[in-house]
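The basis for the numbers below is simple: all heavy atoms, side chains too, and nothing from hydrogens, waters or symmetry mates.
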Amino acid sequence: MLPKCLVLLVFPGLACADPVQPRFQGVDIAPHVYDGGWEHFVGGGVAAFDCDGDSRPELYAAGGSNPATLFRNRSNDRVVFAKDTPDVLAITGVTGAYPLDIDGDGLLDLAVLRVGEDRLLRGLGGCDFAPFEGALGFTSSDRWTTAFSATWESGASLPTLAFGTYVDRTNPDGPFRACDATLLYRPDGDRYGPPQALEPGFCALSMLFTDWNRSGVADLRVSNDRHYYVRGGQEQMWKMDDTPRLYTEDEGWRTYALWGMGIASRDLTGDGFPEVYLTSMGDQKFQVFDPGTGGPTWRDATYERGTTAHRPHVGGDGRPSTGWHAAFGDVNNDGRDDIFVAKGNVEQMPDAAMDDPNSLLIQTEDGRFVEMSVEASVASMARSRGAALADFDNDGRLDLAVVNRRATLEVWENVTEGGNWLLVEVSGSGVNTGAVGAVIELRTADRVQTREITVGGGHAGGHAGLQHFGLGSAAEAELRVIWPDGDTTPWQDVPTNKVFGVAQ
């Protein structure tokens, strides 16, 4: 039997139902611009997280040479943000930030990436923060940090932190072939010692700890920028043994190189293992996981799925696109994850498109994707960098914020009609309060959606908080959580169009 919707290839007179048209509307927001010299051509991330306890995410946007800005979420019947930045957050040199609860006190902290010394800031509640100072033993030198990820290794009282550094600015022979090393901070008891350098480093712009084979151990995937490593480099997957090492081709890792900017990870095939979407300059890759090799093998399905997004789809500029932040999410609540890609020229690269609109790739019934950013009103021509695809007002629809280089931050409210949904709040026990590494499984009559809770990926920023699931027409659903230690909750009925909490 031919797959659904592919019948039209044989019988052109037939067609499958068009996907639900997503619709967004712009939100007025105080100006904020990511700016700066060549050290801020990359970066420009945004962290989306609840720092005042009302379950609605704030936005902390990198500013580069401008101060970083915290936008407090004042949403009610509509999406509203207001600038309200404490001095400790209003710092310059920020390339991005990721929220996570480092000290296990139930309040989200921030890992702040900078051109300069990176910072770990402790959440105090009420969107107040303070440096951890020497309490954790964390030290940072003057680096150019552009990527981050974190995980909790078995038995650890603190998370393992990975900082991806870019070009070594002190190298007199640079910037080409001057890529810096990834820095790995593994806790020793309740403190961090000096970082371990994971070498070779190939100018990381995104990284993600992920339990890709559901083994209970997260390995570190790194996406690297060949613009500066030029040759001899590649994408990387570090196996997190006592002494981390790179996976090899003999183990299933497929060697390839690209101008890597961002990583998104989500199970789209329904087999429980994550696919990946990788952004770059000139080529956006969608890769499907192959469980048959027993190793970390992803196979390219970019053209098969219609996810190339390699040239601007509107505006008339036919040069290659430059992709940055990527995120999976069901923006039209039809039960199928879509893909958002923030795009924009690095600065004035003549071989790449200058008029380079963001992409919103909507998944159809047959698993292919169609471009709908123009129809959805999010095809900005600004030089976009980091983004947050999250529900800002808890109405069950994923909203969008995008940080732009030398242009103001943009926010859009999702006003798409129809489709059931669920927002899931997952609380872990012990020090890992966010249950990082847990897997959510949501089952409806026709599919199971699988979601790993991670910290990292994207481009220079991430989201922590409620997990959004689109359900389409399904009025009933069941959910279970596989916790990081392997314990599993029983399947339980969950309400639709609600916020539902699960605690370990």
Side-chain angles (χ1 to χ4, degrees), residues 45-62 68-75 81-91 94 96-114 118-138 140 148-153 156-161 163 185 187 189-192 209 388 390-392 394 423-438 453-456 461-467 481 483-484 499-504:
V46 57
F49 67 113
D50 174 25
C51 60
D52 59 12
D54 66 358
S55 297
R56 296 173 301 186
E58 274 66 49
L59 299 175
Y60 179 56
T69 299
L70 180 71
F71 291 90
R72 296 287 293 271
N73 193 329
R74 306 300 191 195
S75 304
F81 285 98
K83 271 188 178 181
D84 186 6
T85 312
D87 290 344
V88 71
L89 295 184
I91 52 179
V94 175
Y98 287 82
L100 71 163
D101 183 5
I102 296 171
D103 57 358
D105 65 354
L107 299 173
L108 286 169
D109 311 307
L110 282 172
V112 181
L113 318 184
R114 301 181 68 241
D118 300 318
R119 299 186 182 178
L120 298 183
L121 300 178
R122 183 184 179 192
L124 304 176
C127 292
D128 289 330
F129 292 84
F132 273 102
E133 300 291 356
L136 300 179
F138 175 84
S140 175
F148 177 82
S149 191
T151 189
W152 268 259
E153 298 187 85
S157 59
L158 292 170
T160 293
L161 311 175
F163 290 82
Y185 291 81
D190 60 357
R191 294 178 62 82
Y192 293 105
F209 276 114
D391 189 348
F392 297 152
N394 292 350
L423 290 171
V424 182
E425 182 178 19
V426 181
S427 303
S429 62
V431 293
N432 184 5
T433 63
V436 175
I453 299 176
T454 58
V455 177
H463 164 254
L466 299 175
Q467 297 286 331
V481 175
W483 301 104
V499 177
F500 183 77
V502 184
Q504 188 173 17

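Smallest separation of non-hydrogen atoms from Ser149 and Gly456: OG-CA, 3.9 Å. For the pair Ala111 and Phe148, the tightest heavy-atom approach, listed with the atom from each and the gap, is CB-CZ, 3.6 Å. Nearest heavy-atom pair, Pro57 versus Ala48, reported as atom, atom and distance to 0.1 Å: CB-C, 4.1 Å. Looking at every heavy atom in both residues, Asp101 comes nearest to Leu107 through OD1-O, 3.1 Å. Closest approach of Pro187 to Pro159, counting heavy atoms only: CD-O, 3.9 Å. The two atoms that bring His463 and Ala390 nearest to each other are CD2-CB, 3.7 Å, heavy atoms only.
Separating the CG atom in Leu89 from the OH atom in Tyr60 is a distance of 4.5 Å, to the nearest 0.5 Å. The structure places OG of Ser427 at 11.0 Å from CG of Asn432, a figure rounded to the nearest 0.5 Å. Note that CZ of Arg122 is 5.0 Å distant from CG of Asp103, once rounded to the nearest 0.5 Å. In this structure, Thr85 OG1 and Phe71 CZ are separated by 7.0 Å, a value rounded to the nearest 0.5 Å. Note that the CG atom of Asp105 and the OG1 atom of Thr433 stand 7.5 Å from one another [nearest 0.5 Å]. Expressed to the nearest 0.5 Å, how far SG of Cys51 lies from CG of Leu121 amounts to 12.0 Å.
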Assess the residue pair Val436 and Leu100 against the criterion (side chain to side chain contact (heavy atoms under 4.5 Å, CB included)); give the C-alpha distance rounded to whole Å, side-chain angles, the decisive distance to 0.1 Å, and a yes or no. CA-CA 9 Å; Val436 175; Leu100 71 163; 5.8 Å; no

Apply the test side chain to side chain contact (heavy atoms under 4.5 Å, CB included) to residues Arg119 and Ile91: give CA-CA distance (whole Å), side-chain angles for both, the deciding distance (0.1 Å), then the verdict. CA-CA 11 Å; Arg119 299 186 182 178; Ile91 52 179; 3.4 Å; yes

Could you walk me through whether Leu113 and Val94 pass the side chain to side chain contact (heavy atoms under 4.5 Å, CB included) check? CA-CA 6 Å; Leu113 318 184; Val94 175; over 6 Å; no

Derivation and outcome, side chain to side chain contact (heavy atoms under 4.5 Å, CB included), residues Arg74 and Asp84: CA-CA 11 Å; Arg74 306 300 191 195; Asp84 186 6; 4.0 Å; yes

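When atom types are taken as modelled, the side chain of Asn73 and the backbone of Phe392 share a donor-acceptor pair closer than 3.5 angstrom. With Asp109 contributing its side chain and Gly123 its backbone, the two residues share a donor-acceptor pair below 3.5 Å. No donor-acceptor pair under 3.5 Å is formed between the side chain of Thr160 and the backbone N or O of Trp152. Panel note: side chain Asn394, backbone Ser55; a donor-acceptor pair is recorded below 3.5 Å.
In this structure, the ring of Phe163 has its center less than 6.0 angstrom from the ring center of Tyr185. Ring centroids of Phe132 and Tyr192 are separated by 6.0 Å or more, keeping the two rings apart.
Contact of the Cys127 side chain with the Leu70 side chain is registered, since non-hydrogen atoms from C-beta on lie closer than 4.5 Å. Leu423 has its side chain out of reach of Gln467: every pair of non-hydrogen atoms, C-beta onward, lies at least 4.5 Å apart.
Checking Leu110, Leu161, Val112 one by one against Leu120, the side-chain contact (heavy atoms from CB on, under 4.5 Å) holds for a single residue, Leu161.
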